[in-house]
S.K.: 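So that we are looking at the same thing, I have put the structure below in structure tokens.
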Number of protein chains: 2
Amino acid sequence: MTKSESSASSALPDADQQAANFKRVREAHQSEVAEDYVELIADLINTTGEARAVDIARRLGVAHATAVKTIARLQREGLVSSQPYRAVFLTEKGRELAVHSKRRHEIVVDFLRAIGISEKTAQRDAEGIEHHVSEETLAAFERVIRAESLAKKPRPTLADSAKEK
Amino acid sequence: MTKSESSASSALPDADQQAANFKRVREAHQSEVAEDYVELIADLINTTGEARAVDIARRLGVAHATAVKTIARLQREGLVSSQPYRAVFLTEKGRELAVHSKRRHEIVVDFLRAIGISEKTAQRDAEGIEHHVSEETLAAFERVIRAESLAKKPRPTLADSAKEK
DNA sequence: TACATTTTATAGCCCGTGCTATATTATTTA
DNA sequence: TAAATAATATAGCACGGGCTATAAAATGTA
């Protein structure tokens with residue numbers, strides 16, 4: 001153990017542990033953009049038939065050039081395939097990531113709704129939260145969703161006490 | 001309404017709304033680093049008496065140079081004050097941000113514990129989640145925490161059904 | 001006091017993600 | 001088919017936040 005550890009009187013968690021947590025978040029952020037893109041691309045393909053750069057840019061709220069550049073990176077990483085002046089497609093890898101991302105997203109939204117969050121806020125917060133939920137927490141979210149939907153009629157429970165502001 | 005909107009058969013949310021949500025997350029990320037720093041700096045000052053660049057770097061898991069550079073930015077933004085070769089201090093603004101960040105962090109951790117997440121995972125996930133919870137969601141989290149702590153002895157409820165895997 | 005060690009700072013690099021402005025290619029329409 | 005419009009690509013710039021390597025100051029110790 002180094003000196004920086006021995007000093008803390010209390011409160012502070014283990015330094016290596018803490019560093020690892022911060023690192024995890026930083027790395028997660030790396031894949032956030034990728035997840036947002038493939039999820040959106042999948043949605044666009046499903047609803048409109050194809051994912052064009054313009055629409056991607058519009059829905060992400062960035063300039064075309066930015067979207068195009070990022071799409072190029074995603075292609076480098078094997079998540080997406082696209083030819084010049086044509087729409088964007090997902091590779092098998094990209095499709096898998098999209099499915100997982102979408103699942104997470106929906107669980108988080110459902111969960112937030114279940115604890116009484118308004119639709120709008122649920123959508124907003126989920127967008128940021130979804131990338132940082134572990135499988136363990138995701139499973140807990142699902143249990144809460146189940147428990148709330150079961151308890152809906154029978155008798156007042158957590159969701160209700162949460163709803164009454 | 002533009003053409004990109006008229007086509008969607010269903011599923012896709014309003015484009016502007018979605019763009020706004022993504023933008024919010026991107027901007028949030030801007031302040032994440034700042035929040036992490038001031039929160040950590042406050043903790044270091046409280047427990048060890050001062051916040052030195054080395055310790056900040058160690059606990060964040062980054063190189064010294066990176067920490068120093070970021071500290072310089074925080075100083076530019078008026079969150080921190082530091083003189084060459086001396087420890088780092090929080091400005092009033094920085095202290096406020098630290099307090100708020102710490103509060104959020106703790107609510108998130110308590111909340112995750114309340115729904116049955118292990119200590120380790122609670123710490124991990126909170127680190128990523130805390131920056132993305134709105135006041136509305138934070139309030140709901142607090143209600144859940146309260147509800148769970150009250151229901152602890154009386155009779156089995158959500159927390160228990162969540163714990164039994 | 002002088003030397004060694006620690007801490008801090010700086011320089012220079014890379015990458016990712018923004019942006020605007022300017023081609024270039026497709027597509028639509030006259 | 002030719003011209004106008006829309007979509008895409010590319011170039012060039014900025015910034016944040018990583019990194020390593022190197023220099024300078026502060027601190028501890030022989």
Side-chain angles (χ1 to χ4, degrees), chain A residues 2-7 19-20 22-38 40-41 44 48-77 79-89 131, chain B residues 2-7 19-20 22-38 40-41 44 48-77 79-89 131:
Chain A
T2 70
K3 67 204 56 138
S4 333
E5 271 165 311
S6 58
S7 54
F22 281 122
K23 259 186 183 147
R24 195 183 334 270
V25 176
R26 281 198 299 273
E27 279 156 20
H29 184 257
Q30 287 290 68
S31 37
E32 276 182 39
V33 179
E35 288 179 23
D36 287 342
Y37 270 76
V38 296
L40 176 57
I41 290 168
L44 284 170
T48 73
E50 61 175 3
R52 327 202 97 240
V54 209
D55 298 317
I56 296 170
R58 271 198 72 232
R59 301 199 91 93
L60 287 170
V62 299
H64 312 133
T66 304
V68 169
K69 204 193 275 186
T70 303
I71 289 166
R73 176 183 68 105
L74 297 183
Q75 188 161 21
R76 253 183 281 139
E77 294 172 0
L79 292 167
V80 140
S81 77
S82 76
Q83 283 141 7
Y85 295 97
R86 301 219 33 216
V88 181
F89 298 95
H131 306 287
Chain B
T2 71
K3 65 206 56 140
S4 336
E5 272 163 309
S6 58
S7 54
F22 281 123
K23 257 185 183 145
R24 184 169 305 112
V25 176
R26 281 198 298 271
E27 279 155 21
H29 184 256
Q30 286 290 68
S31 39
E32 277 180 41
V33 179
E35 289 179 22
D36 288 341
Y37 269 78
V38 295
L40 176 57
I41 290 168
L44 283 169
T48 73
E50 62 175 3
R52 328 203 96 237
V54 209
D55 297 319
I56 294 171
R58 270 197 74 234
R59 300 198 93 94
L60 287 170
V62 299
H64 311 134
T66 303
V68 170
K69 203 193 277 186
T70 303
I71 289 166
R73 174 181 70 105
L74 298 183
Q75 188 160 20
R76 254 182 282 142
E77 294 173 359
L79 292 166
V80 143
S81 76
S82 75
Q83 282 140 9
Y85 296 97
R86 303 217 35 214
V88 180
F89 299 94
H131 306 287

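All values below were derived from every heavy atom in this structure, side-chain atoms included, with hydrogens, water molecules and symmetry-related copies excluded.
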S.K.: Taking the side chain as everything from C-beta on, heavy atoms only, tell me whether A:T48 gets closer than 4.5 Å to A:D55.
M.R.: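 Side-chain contact under 4.5 Å: no.
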S.K.: Please examine the side chains of B:D36 and B:H131, heavy atoms only from C-beta on, and report whether any two atoms are closer than 4.5 Å.
M.R.: yes
S.K.: So does A:R73 get a side-chain nitrogen or oxygen closer than 4.0 Å to the phosphate oxygens (OP1/OP2) of C:dT17?
M.R.: yes
S.K.: Could you tell me how far apart A:R58 (CZ) and D:dT8 (P) are, to the nearest whole angstrom?
M.R.: 13 Å
S.K.: Check the distance between C:dT17's P and A:L60's CG and give it to me in whole angstrom.
M.R.: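 It works out to 11 Å between those atoms.
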S.K.: Within this structure, what is the CD1-to-C1' distance between A:I56 and D:dA9, rounded to whole angstrom?
M.R.: 14 Å
S.K.: Can you find a pair of side-chain heavy atoms, one from B:F22 and one from A:V62, that are under 4.5 Å apart?
M.R.: no
S.K.: Salt bridge between B:K23 and B:E27, side-chain N to carboxylate O under 4.0 Å?
M.R.: no
S.K.: Roughly how many Å is it from CD in B:Q83 to C1' in D:dA25, rounded to a whole number?
M.R.: 15 Å
S.K.: Where along nucleotides 18-23 of chain C does protein come under 4.0 Å, by heavy atom, of base (B) or sugar-phosphate alone (S), with - for untouched nucleotides?
M.R.: BBB---
S.K.: Please report, rounded to the nearest Å, how far the P atom of D:dA9 is from the CD1 atom of A:I71.
M.R.: 8 Å
S.K.: Are any of the side-chain heavy atoms of B:E35 and B:E32 separated by less than 4.5 Å?
M.R.: no
S.K.: Over how many whole Å does the gap from B:E27 atom CD to C:dT17 atom P extend?
M.R.: 16 Å
S.K.: Rounded to whole Å, how long is the line connecting atom NE2 of A:H29 with atom C1' of D:dG16?
M.R.: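 Atom-to-atom, A:H29 to D:dG16, this comes out as 11 Å.
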S.K.: Let me know the distance between CG of B:L74 and P of C:dA9, rounded to the nearest Å.
M.R.: 13 Å
S.K.: Any side-chain heavy atom of A:V80 within less than 4.5 Å of one from A:I41?
M.R.: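 With C-beta onward as the side chain, the pair touches.
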S.K.: Describe the nucleic acid contact of A:R52 in one word from base, sugar-phosphate, nothing, applying a heavy-atom distance below 4.0 Å.
M.R.: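 Here A:R52 touches the backbone only, sparing every base.
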